[in-house]
Amino acid sequence: MKHVLLRHRDVPDIHKLEVYRKNGGYEAWQQVLKMQPADVIDVVKASGLRGRGGAGFPTGIKWSFIPKGAEEVYVVINTDESETGTFKDRELLERNPHQVIEGALIAAYAVGAKAIYNYWRGEYMDAAHECQAAVKEAYEAGLIGENILESGFSCDFYNHFGAGAYICGEETALLNSLMGYLGQPWSKPPFPAIEGLYAKPTVVNNTETMANIPPIIVNGADWYRQIGTERSPGPKIACLSGHVNKPGNYEVPLGITYRELIFGEAYGGGIPGGKAFKALLPSGGSGPIMIDEHLDVPMTFEGPETVGSVMGSASLIVMDETVNMVWATTKAIHFFHHESCGKCTPCREGTYWMEQLLHRIMEGHGTERDVRVLENVAENIGGKTLCALGEFARNPVLSSIKHFPEDYRALVQPSAEIPLAVAAD
Amino acid sequence: MSDLVSINVDGVDIEVPAGTTVVDAAMRADIQIPVFCHHPKLEPVGMCRMCLVRIGMPVRDRATGELLKEPDGSVQYNWGRTLQTGCTVRVAPGMHVVTNSAEAKDARDDIIEFLLTSHPLDCPICDKGGECPLQNLTMAHGGGTSRFNFNDKLTNDKSVPLGELIYLDRERCIQCARCTRFQSEIADDPVIAFHNRGRHLEIVTMSDPGFDSYWSGNTTDICPVGALTTADFRFGARPWELTPAATLSPHDAAGENITVSTRREAKSGGRVVVKRIMPRQNEWVNEIWISDRTRFVHHFAEAADRLKMPLVRKNGQLTPTTWDEALTLVAEKLAATGEQAAGLAGDRLSNEDLFMFQKLFRKALNKNNNIDLANKRLAGGDVTADVGIASGSNLGDLGKGDTIVVIATDLHEEVPIWWLRVKQASERGARLIVLNVRETRLDKHASFVMHYAPGQAIAVAGNLLEHDEEVATAVRDADNLVIFYGYEGLSYDETDALARTLGNLLLETEHVGRPNNGLIAVWPRNNTQGVWDMAVHPGLTPGYRADRNPGLDANAIYAGAESGDITALYIVGADPVGDGLMPGRGALDFMVVQELFLTETAQLADVVLPAQSWLERDGTFTNGERRVQRYNPAIQKVGDSRPDWQILAQVIEKITEGSEKTPFAASLVFSKEIAKSVRAYKDMDYRTLGQVVEQFPKVGGDDLYYGGTSYANEAGIGQQWSASAESKKPKKPFDVPELDVTRPAGLVLLRVAALYTPGTLNQYSELLHARMAKPTVMLHYADADQLGIADGMSLVLRVNGTELPATASIQDGVPSGVALLRGFAWRKGLESAEIVKVQTPITA
C-alpha cells in the first residue's frame, strides 16, 4: 500500500520542499487559496476526518465552531505527543514536515487565522530541526508569510517548545503554556473555539490530523471515505511497542483488527520468543487494558468501546506473559502521578494515593484491603476531575484489577482487619 | 440592574441575577453548596471539585423550540453525563440543580477524603483551627477514620516566609489558588504564584521584598485552610478564645469596617489585648477587604509609652496629677482667658469629640469662635456638603456608561480601598480620567491620563469640558459622574478653589443630587469630614451655618500664639509643633494638650490630658463619602486615660459650674446633642447607625466562603447623609476665588504620599519597619544632572532649620522641573525646603 501520511517511506527526501512539491506537495494549498473558506470546511466535514490526537472529534465540525468574521483567530498544532508509547507525530514532523505545515495552512485559511503555532513537546527539541528547515523553505518559496502566492492571504508559522509536561497535550493546558502561563487546563467553557489563545477563537488540531488534510483536498472526500470504516474513515498511524517482533509506526486503514496489527506479518509480527500474549495497552497508559479475547475488535474510534476500552491515539503497548500487571500498573500510575498538574483535587491526590497503594502491594506489604481501597480510590476519581488526565489515570488500575485479579492476589496478604466482602464501600 | 433568571435548587424556586454561578445562586436561597476554591469575589476556576452537583436543563425540540414533555406531562430534563461544578456553571432559565442527592453527597465525601490525604491534620496547632472551612466541611462530609496510611503523607515546609508579613505552611495548602487569584484579579499585584506541579504545586513569591503588596493580609482571610497566616497573628491565639469588636479603620477617609479580635491573657498582665484585625463586610465601603496598614497598624494603641496620667507643669516639670486637679486648672484658666483663648483639633477625633470641642468654645466660653483644624491640608467640606456624592451611593455600582475623575491624589497610597474600588469600576467599564502632576498607580487603568504642570490643577479642572472632545463627552454625557480630588502639590487655598471648580463642573453637567454622582474629597485623615460636619471651624456652626462673628482660623491662631494676642491654647489630638506649624509656645500663658503620646507639642504644655485611642472607646467617624459609621470599644482603657469627648465635657461642666452635665456615654452625645444641632444627622442615632442589612455575597454563617466570625457585619453599615443638592431646589454655582498659582522659578518640590510613611502611629508596628517608605527625593534625570545629583546620593532637606536626611533617586516617571518627596511625614515648609548634597554618594 502506498502511504498517505508516512509518505517519506515511499518518497526519499520528501522533507525537502523541492521533492515534496515534485510529488504533489502544496497543490492542495494552491487549490484551497482559490476556494471559499466555507467550502474548505465543507470538504473536510464531508471526508469524516476525526481528530487523531485520541478524542476523535470531527475536524470539520471543530473548524466550523470558529465564529464567522472573527478578527483574530489562531491555529495551533498539538505536537505535545506525550502519551506513553506514542511516537507518530515525531516521525511525521521529522520526515514529512511539509505535509503537516500544508495541512495547518489549509486549516488557517479555512478559519481565517493569521498565525499558526506548532506546540512541540519540550523533549522533541532535537527532532525539530527538519521541521524548522521546512518552515524556512516554505517561507522562502512564498508558501507562508505575507500575501501568500499573491492570494492576499497572509499567515505566519511558529514552532514553539513546551517545557515537558504530559498535561500540555490537553488543549487548554497547551494554550496556557503557549501564553506563558503554568501548564494547567482550564474549566470549559470557554471552549478554545470561542476563547482560546489570548482569549481569541482558536483551533487546536493534532499533528497527524493536519497531515490528513492535504490528501483530502487533493483527492476529495469520497476518495478519503474509501479508506477506513463508515464512522472512522481514513488512514491512521499506529505506534506499536512493547513485546512485538517489529515495533514501530504503521500506517493502516482504520478498521484493521488489533490481532492483525500485533500478529500480522506486515505489522508487529507476533510476540518475541514465541511467548504468549498477556495484555495490550491500546492507547498508551491512558486506555483500559485489553486482553486476548478483545483483540478481534476493529481498531476504530468505536471498536474498542464494545469491550470497554478506547482507541485513543492508537499507541499499542503489547505485554507478554512474563509481565506482572501490578508492576505495569504501578509504572503507569507513577507516570500519571508525576504528570498530574495538581490543579484539581481528585487527580492530584488520587494519583498520589494510588501510587502509594501500588508500591505497598508491589513490595509485598499490601493486603487484600489495599486492593479494594485502590479500586475504590480509582472509582472515586471518576467523573470528578477537571480534565481527562484524572479519568485516564483510573483506567490501568480498574482494568488490571478487573482482568488480572490473580496478579494482585499473588502479591497481597489476606486482610486481617476487614473481610474482603465488605471492604469496598 | 441585570436581568433575573429563575432556577430551581433542591425544589426551591429562586430568582437570581443573570450571570450568577450556581453556587452563589443557591447561597441566596440559603442552600449551601460547599466550596474551597470558589470565592464570589473571584473568577471561577473549578479546581477543588467540592461543589459537584447534578444540573439539569429543560430539553427543547430542536425544530420548534418547544419544551419536551415526559410521558406524565412534566418537563423533560437533560441531566448531563456527570456531576458538574456549581462554581463554574452560570444560571440559565429553567435550570434545575440537585445538591442534596446521595450521589452529590458521596462526591463531596470523596473530595474531602482526597484533600485530607495530603493535609497534615495539625488542627491542634493551627491558627485556623476553630474557624477553618476545611475543618468544618470535614465535620460535615468527612469520614470518621482515614483509609490513607499516615506514613505515606507527603511532608513539606511548614514555615515559609513570603516576605516578613505573611507565612506559608506548604503542608496545609490545598492548592485552591484563592490567594494568587486575589493578588492578580483584585489587588493587581501578581507577586505570588504557583510553582511546580502535581502534589508539589506550591505558592512562591516573586517580588523583592517578598509578597510586595498593600493587600497581602487579605489572602490570609480568604485562605480556606491555615496555610497563610500573618506574622502579626501567627501562633498568637486560638480563634475560640477571641472576642470580636466591631470597629473602623482609623487610618484613612474610606472608613474601612473592621473586626478587632481581642483576648484577655496572662502574658499581657491580665489585660485584654488586640490579637488581630480583620475586615468586616460592608459592601458600600470596603466590601470584604482591608489594606495592610489597617490590618497591622494598631500596636500604637497598646504602646508602653502611651500617656496614662494627667500631667501638670510644676516647677517647670510635667508632673503626674489627678484628673480633678488637672481639669479644674484647665477650666479656671480657660474661663479666665475668655476671648483670648483658642482651640485646635485634629482630624483623627470622633464626631463626639469634635462636637464637644466646639461646644467648649462656643457654649462654655461664651461664643468664642477661635477654633479650627490644627493641620489644614484639604479644603472643600462645605462643597461636599452641597454636591458631595449623594446618599445611597455605592462605588461598587459604577460601571459601563459611568465616569470617574481622579485629580491631585494618589489613591493607592492615600486611601487604598478607594484605589481598589475605582480600579474595579474601570474594569467593569467605567471611564476613568486621572489628572495629576505625575504618574500614579491608577494611570494604567485610566482611559484618559493627563499630567499637568504644578499649580495647574484648578485650570485643568475648569477646562475639562474644553480640553479634549472625548474627555468632554465622557464627563458631560456620563450616566453617573464621581469626582475624587486631593491636595497633592496644592496649597490649602488652592484645594478650596479646586473643590469649587469641580463643584461647578458637577452642577453644570447635572451630576449632583442623585446616587452615584458627586464629589469625594480624599481627606488626609479618617474624620476630616467630621471636622467640617461638627463645625470645628471659625466661621461655621454645626450644620454648615455661617457664623456672623467668625473667629480666628488656624493660621491666625498660630500667629496669635506667637504674638501674644492668644494667651491660652487648647490642642486636642494634634501635634502642630511636630508638624512644623508652630515653632514653640510663643507668648502663650497657658497651653493644654490632649493626646495619646507625649508629642513635641505636649512636651511644651502646661497641662497634658491622656486621651483614649479609638480601640478603647466608642464613637462615630464620617468617611469621605459622608457615611457616618459607629465604632465600638475593643480593649480596656490604657492607664487612667479618658475619651476625648468626656474630658472636654468635664471641662465644660466645670466652667459652667454644673449647668452642662457630662453625658454618660458617647451615644448620648450623638443622640442628644449632635443629632439636634447638625441637621444632616437628625435622623441618626447609635441604633440606626447599627442597623444591619442583608449583603451579597453572604458571609459568616457556616464558613463556606470565609472562615471565622470576623467578616459578618452585625454592628451596622452606617448611614450616608444627604448632600444639600439632593433636595430639589436648584443650586447656584460656587464662587471660585481667583488665585495666583504660579510657582517660584526653579525646581518645584512636591510631597507625594506613601502608605507606610514613617510617623507616630506607623512606627509602633515593628513588623512594617522594613516596608516603611525611605525618605527619597525623586528627580528627573535632566534636573539631577543640572543639580549635580547622582542616583543614590545622600541628601539633606533643610526645612525651617530642621535637617531631614534623604536619598536621591533618578527615575523615568518624574516630570522635569519637579522633585517628588516620598517617605516624609507631612510637615509645614517641606515643599519649600532647600536640597543640600551630602558629599558621600551611597554605594550598594
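Naming: A, B, ... by sequence-line order, numbering from 1 per chain.
- Of all residues in residues 78-96 of chain B, those placing a non-hydrogen atom less than 4.5 angstrom from a non-hydrogen atom of chain A are B:Thr82, B:Leu83, B:Thr88.
- Here the closest heavy-atom approach between residue A:Arg360 and residue B:Asp152 is recorded as NH2-OD2, 2.6 Å.
- Atom OH of A:Tyr181 sits in a sparse spot, with 12 or fewer heavy atoms from other residues, nucleotides or ligands closer than 6.0 Å.
- When side chains are defined from C-beta on, B:Phe114 counts as touching A:Val377, because their heavy atoms get closer than 4.5 Å.
- A donor-acceptor contact shorter than 3.5 Å is absent between the side chain of A:Tyr352 and the backbone of B:Thr117.
- With contacts defined as side-chain heavy-atom distances shorter than 4.5 Å, the pair B:Leu115/A:Arg348 qualifies.
- Scanning residues 101-111 of chain B against chain A with a 4.5 Å heavy-atom cutoff picks out B:Ala107, B:Asp110, B:Ile111, ordered by number.
- Interface remark: A:Thr385 contributes backbone atoms only to the contact with chain B (heavy atom separation under 4.5 Å).
- Open room surrounds NZ on B:Lys400; 12 or fewer heavy atoms of other groups in view lie less than 6.0 Å from it.
- Atoms CD and SG, on B:Gln175 and A:Cys344 in that order, are 11.5 Å from each other to the nearest 0.5 Å.
- In terms of modelled atom types and a separation under 3.5 Å, the side chain of B:Arg197 and the main chain of A:Gly183 share no donor-acceptor contact.
- Separating the CG atom in A:Asn376 from the CZ atom in B:Arg147 is a distance of 4.0 Å, to the nearest 0.5 Å.
- Both the backbone and the side chain of A:Trp353 have a heavy atom closer than 4.5 Å to some heavy atom of chain B.
- Smallest separation of non-hydrogen atoms from A:Gln184 and B:Leu201: NE2-CD2, 3.5 Å.
- For A:Leu182, the part lying under 4.5 angstrom from a heavy atom of chain B is the side chain only.
- Of residues 334-342 of chain A, those residues lying under 4.5 Å from chain B by any heavy-atom pair are A:His337, A:His338, A:Glu339, A:Ser340, A:Cys341, A:Gly342.
- Proximity to chain B is absent for every atom of A:Ile167, based on heavy atoms less than 4.5 angstrom apart.
- Annotation for B:Lys153: atom NZ counts as buried by contact number, over 12 foreign heavy atoms lying within 6.0 Å.
- Of the listed residues (B:Cys37, B:Ser118, B:Cys176), the one with the most heavy-atom contacts under 4.5 Å to chain A is B:Ser118.
- A heavy-atom distance below 4.5 Å is not found between the side chains of A:Glu349 and B:Glu113.
- Heavy atoms of other residues, nucleotides or ligands lying less than 6.0 angstrom from CZ of B:Arg428 number more than 12.
- Contacts between residues 48-57 of chain B and chain A, defined by a heavy-atom separation under 4.5 Å, are made by B:Cys48, B:Arg49, B:Leu52.
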